[in-house]
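A short write-up of the structure that comes next.
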Amino acid sequence: AYNAAVAWYRSGRYDRALRFSEIAHGELAESMAVRYLHGVLLQTVGRYGDARDLLTGTLSRAEELGSVFHVAIAYLNLGVSSRLLGDLDAALESFEAAARLGREQGWQGVVSAALMGRGRVLLTLGDREGANSAWAEARRLGRRSGFEAAEADSSLSLAALALAEGKREK
């Protein structure tokens, strides 16, 4: 069901992707990747509050598991959800928490994604200079990590980053 959800998402059929994600989420609720995908799909179809609720639970689960990496990814996704809901203070807090964890652990892709998100929030707040500064740093780090900064604020990219980086987490 997970692979079908991803395939439908890539084809632009978000309604079908969400249905398959709901199946996968029910079957594999403990899988962090499935939780991220389901949250991303909820965001994609405009169910931002549901996405934030799911991702808040995902953050709690990551903390229970003691997975610093998944905590960082949950913060990234919560930042996106909060931004989409217009809760810009919460979005900034989430992106800052993700960046802090990414820096502490040496995960440049996580820091790059957090800076891209921070830049979008700052631009929304009218701080063009702050946004440009965050984006410049994100691009610099993204080039070093191999994570494309241009994709760093895409929720699906954050889910993909979680999968890729999670395989390397020790």
Side-chain angles (χ1 to χ4, degrees), residues 1-102 104-105 107 109-125 134 151-166 169:
Y2 176 80
N3 290 335
V6 171
W8 282 116
Y9 181 91
R10 288 182 178 154
S11 74
R13 295 291 309 270
Y14 306 126
D15 56 334
R16 287 190 173 244
L18 184 59
R19 272 189 253 141
F20 278 97
S21 171
E22 288 168 348
I23 293 167
H25 183 68
E27 293 172 352
L28 303 168
E30 292 304 306
S31 167
M32 298 306 278
V34 172
R35 285 174 182 244
Y36 295 131
L37 174 66
H38 194 68
V40 165
L41 291 169
L42 288 169
Q43 288 174 350
T44 302
V45 298
R47 292 173 53 189
Y48 307 129
D50 291 339
R52 186 161 67 174
D53 291 346
L54 175 74
L55 294 167
T56 298
T58 302
L59 172 62
S60 295
R61 182 66 180 139
E63 290 172 337
E64 288 170 15
L65 293 172
S67 173
V68 176
F69 179 76
H70 286 106
V71 168
I73 296 300
Y75 274 126
L76 287 173
N77 282 292
L78 278 169
V80 173
S81 284
S82 295
R83 180 179 54 80
L84 292 170
L85 284 166
D87 190 349
L88 302 181
D89 289 335
L92 284 174
E93 289 174 19
S94 293
F95 289 130
E96 288 168 8
R100 180 182 45 77
L101 291 171
E104 288 171 2
Q105 301 297 319
W107 297 324
V110 171
V111 177
S112 179
L115 288 167
M116 287 299 291
R118 178 174 165 64
R120 290 206 50 190
V121 173
L122 292 174
L123 185 63
T124 302
L125 291 169
E151 298 177 4
D153 193 42
S154 158
S155 296
L156 187 60
S157 293
L158 297 179
L161 175 67
L163 292 172
E165 293 279 353
E169 182 187 14

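Keep in mind that what you see is a predicted model, and the values were worked out from it rather than measured.
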Evaluate side chain to side chain contact (heavy atoms under 4.5 Å, CB included) for Val110 paired with Gln105, printing each intermediate quantity in order.
CA-CA 10 Å; Val110 171; Gln105 301 297 319; over 6 Å; no
Quick check for you: to the nearest 0.5 Å, what is the distance between [X] atom [atom1] and [Y] atom [atom2]?
X     : Y      : atom1 : atom2 : result
Leu92 : Leu122 : CG    : CG    : 5.5 Å
Ile73 : Leu78  : CD1   : CG    : 11.5 Å
Asn77 : Thr56  : CG    : OG1   : 11.0 Å

Minimum heavy-atom separation for [X] to [Y], with atom names?
X     : Y     : answer
Ala51 : Gly39 : CB-O, 3.5 Å
Ser82 : Arg52 : OG-NH1, 3.3 Å
Asp50 : Arg47 : OD2-NE, 2.9 Å
Leu76 : Phe95 : O-CE2, 3.5 Å
Arg83 : Ala91 : N-CB, 3.7 Å
Tyr75 : Ser94 : O-CB, 3.3 Å

Check side-chain contact (heavy atoms from CB on, under 4.5 Å) between Val111 and all other residues, then give those that pass, not counting sequence neighbours.
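Only Arg103, Leu115, Leu141 meet the side-chain contact (heavy atoms from CB on, under 4.5 Å) criterion with Val111.
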Check ion pair Arg100-Glu104 (N to O, under 4.0 angstrom):
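Yes, Arg100 and Glu104 are salt-bridged.
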Working note: Val80 + Gln43, criterion side chain to side chain contact (heavy atoms under 4.5 Å, CB included); need CA distance, chi angles, decisive distance, verdict.
CA-CA 9 Å; Val80 173; Gln43 288 174 350; 3.7 Å; yes
Apply side chain to side chain contact (heavy atoms under 4.5 Å, CB included) to residues Tyr48 and Ser81 and explain how you reach the verdict.
CA-CA 6 Å; Tyr48 307 129; Ser81 284; 5.7 Å; no
CA sep, side-chain torsions, deciding dist, call: Leu101, Phe69, side chain to side chain contact (heavy atoms under 4.5 Å, CB included)
CA-CA 8 Å; Leu101 291 171; Phe69 179 76; over 6 Å; no
